[in-house]
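Order of the sequence lines sets the chain letters (A, B, ...), proteins ahead of strands, with each chain counted from 1. Below, all heavy atoms of this structure are taken into account, side chains as well, without hydrogens, waters or symmetry copies.
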2 protein chains.
Amino acid sequence: MSSNVSNKCAFKHDLFVQFARVGKALSNGNRLELLEFLAQSERGVDELARISGLTVANTSQHLQQLRQAGLVLSRKEGLKVYYRLSGDDIITLLGTLRGVAERHVADVERLVNTYLTVKDSLEPIPRDELLERVKHDLVTVLDVRPPEEFAAGHVPGAVNVPLDELEQYLQKLDPELEAVAYCRGPHCVLAFDAVARLREKGLKARRMQDGFPEWKQAGLPVESGE
Amino acid sequence: MSSNVSNKCAFKHDLFVQFARVGKALSNGNRLELLEFLAQSERGVDELARISGLTVANTSQHLQQLRQAGLVLSRKEGLKVYYRLSGDDIITLLGTLRGVAERHVADVERLVNTYLTVKDSLEPIPRDELLERVKHDLVTVLDVRPPEEFAAGHVPGAVNVPLDELEQYLQKLDPELEAVAYCRGPHCVLAFDAVARLREKGLKARRMQDGFPEWKQAGLPVESGE
DNA sequence: CTACTATTCAATAAACTTATTGAATAGTTG
DNA sequence: CAACTATTCAATAAGTTTATTGAATAGTAG
């Protein structure tokens, strides 16, 4: 009985140690950023290194750790290795961790206030509401992510307008319609900048709630391709 | 413009570093266990040390880290310091992390199969279904947690039956009713043991989905007290 | 005010993590 | 088959984390 009890305690401890492997994978800012990039689309190592600003070797090391923790999977195509998230539940995990940090870590609140809320203190439009507006052609939806992320999947009817092309694109906008912009996630400056620019031009503009990965994971319709 | 771009990159990196603070807090098995204890009820340091098997100093250190990461809050009452979770979203975070580990970490699957699934491979009864059965007096609900956790909150109508009292309690059970047992979470051996014992006696018995914290956080009715 | 209790702090050693650098490996091309 | 490309591995130094131990702090009781 006594050895039975200690076996159970050891089992439970072992289980927590295993759960902690996922926590370890999420304990580094670089790995979190890599996960956010992979939430948009499958990517190769060299591309991930480039967009994250890490060396290829360092990127590869972090990806090994993410794979060991079960958060990503890989496939090889010729010389290139492509990484992807192991499931949509990783997006939920990232969103939950981000939400907890937003609510309970003062430094996060401070950073968000300093860089984001000053640009747009309005609440973003909820996904379901946006979907209704899209169905009734009541909005223009702008996806300000890089083209390859847009191609991998986007909100139906969205137009891919990287920020440096926004000026030119303005001429094609229906000024009667409200514009809604989205990016990779709820803290992507690009969506905030886009909204700020649109408002400067006198247009009604808002951000979408969260980013594209959350839209997709909520089971909402998705388009692919250019 | 260029300094603007690098400011934005620095901001985003800083944000991920802050998010990683939550990941760091979850990167140690002992801290995860402490969080599961706190999910049941507010506790003092000495009690947490006792039930987790850590020294008081070590427990205190881990609690400081959890507090710095925003996951717990504390209050002082005389000599004693009581810790509690900073919000129900921490329960969501723990559940999401656990779910990801269950699905994507082979060692977790192996541990669960070795210690739990062999005891009860039936699916646990979902919370909503249990609530309906409770309302219609169709089940007996057994809470196998320690009395102080039961007192802090439990499923309405549940009876607190620590495992070593189950034998005696059997005589009071209505053998016509199905028994449903629950504990601190989905991997608590006690709920599995209770179900195994009840079935040995010829009773219909199942586990409840997850544990009490998840029930409460789903907004389902809760009773307090003995 | 002293003695006690509960908790936290600080120093320490050992183990772990991180980024770097160069080597090794696997796949492709000519 | 040699040269090249893309990626991973291994060794390393520096920094961080963990548990321990004893000191320090805060609150209480007599």
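At whole-Å resolution of the value, CD in B:Gln64 and P in C:dT7 are 11 Å apart. Separating the NZ atom of B:Lys76 from the P atom of C:dT5 is a distance of 16 Å, rounded to the nearest angstrom. The distance from atom NZ of A:Lys24 to atom P of C:dC16 is 9 Å, rounded to the nearest whole Å.
Using a 4.0 Å heavy-atom distance criterion, A:Thr59 is classed as making no nucleic acid contact. Here A:Arg67 lies out of heavy-atom contact (under 4.0 Å) with every strand. B:Gln61 comes within contact range of at least one nucleobase, with a heavy-atom separation under 4.0 Å. Nucleic acid contact class of A:Tyr82 (heavy atoms, under 4.0 Å, all strands): none.
A donor-acceptor distance shorter than 3.5 angstrom exists from the side chain of B:Arg207 to the backbone of B:Leu122, with no hydrogens or angles considered. Between the side chain of B:Ser86 and the backbone N or O of B:Gly70, at least one donor-acceptor pair lies under 3.5 Å.
Residues A:Leu54 and A:Gly78 each lie close to DNA chain C; by heavy-atom proximity, the contact nearer the 5' end of the strand is made by A:Leu54.
Across all their heavy atoms, B:Gln40 and B:Glu149 have their closest contact at CG-OE1, 3.2 Å.
We find that B:Asp88 and B:Lys216 are not joined by a salt bridge, their nearest charged nitrogen and carboxylate oxygen being 4.0 Å or further apart.
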